[in-house]
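Report on one structure; see the data block that follows.
Just so it is clear, the structure is predicted and the values come from calculations on it, not from any experiment.
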Amino acid sequence: MNSQNVSMNSAIDPYVYQTLMSIQGSPVVVQTTQGSVRGGLKTVMPDHIVVEVSGTPFFVRTQQIVWVFPDQRYK
């Protein structure tokens, strides 16, 4: 039987992570490489965030984020 070692690498930007942590729980607009998401920033993890839009969670990989800003118009 062949045994293979699998290695996973993930680039974590500590500045992006720290900034996202500071606005967790706030309404945000997140621009990704595939489009934008507007909703509540529910969860921040080192490799992804969860943005809730109309009760539906969207899981966004941190590496795919282009920019993010708090959105006071969405409450």
Side-chain angles (χ1 to χ4, degrees):
M1 181 182 274
N2 253 347
S3 173
Q4 296 180 355
N5 290 330
V6 176
S7 170
M8 292 182 61
N9 292 322
S10 178
I12 297 172
D13 186 333
Y15 296 106
V16 171
Y17 177 70
Q18 184 175 5
T19 299
L20 290 167
M21 286 295 293
S22 74
I23 60 174
Q24 184 172 348
S26 300
V28 294
V29 178
V30 180
Q31 179 67 44
T32 73
T33 57
Q34 301 299 310
S36 64
V37 179
R38 180 184 308 253
L41 181 57
K42 297 298 179 186
T43 307
V44 177
M45 302 299 281
D47 64 335
H48 74 279
I49 63 172
V50 179
V51 179
E52 188 174 285
V53 181
S54 299
T56 302
F58 285 79
F59 296 81
V60 180
R61 291 179 51 210
T62 306
Q63 291 177 325
Q64 301 300 309
I65 296 173
V66 177
W67 52 256
V68 61
F69 69 87
D71 185 9
Q72 297 308 315
R73 296 174 294 161
Y74 174 85
K75 289 234 176 194

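A single hydrophobic cluster is not seen to contain both V44 and F69; linkage of ILVMFWY side chains at heavy-atom distances under 4.5 Å, directly or through other members, places them apart. The hydrophobic cluster containing M45 does not contain V50, counting ILVMFWY residues as joined when their side-chain heavy atoms lie under 4.5 angstrom apart, directly or transitively. If you chain together hydrophobic residues whose side chains sit under 4.5 Å apart, L20 and V29 never meet in one group.
Closest of all the heavy-atom pairs between V53 and R38 is CG2-O, 3.3 Å. Heavy atoms only, all atoms of each residue included: P46 and I12 are closest at CB-CD1, 3.7 Å.
D71 contributes atom CG, which lies 10.5 Å from atom CD1 of I23 (distance to the nearest 0.5 angstrom). If you take CD on Q24 and NZ on K42, they are separated by 9.5 Å, rounding to the nearest 0.5 Å.
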### Audit row: V30, I65, side chain to side chain contact (heavy atoms under 4.5 Å, CB included) steps and yes/no
CA-CA 7 Å; V30 180; I65 296 173; 4.0 Å; yes
### Query
Can you list the steps and then say if D13 with T62 is a side chain to side chain contact (heavy atoms under 4.5 Å, CB included)?
CA-CA 8 Å; D13 186 333; T62 306; 5.7 Å; no
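Between the E52 side chain and the F58 main chain, no donor and acceptor come within less than 3.5 Å of each other. Of the possible polar contacts, none joining the T43 side chain to the I49 backbone as a donor-acceptor pair under 3.5 Å is found.
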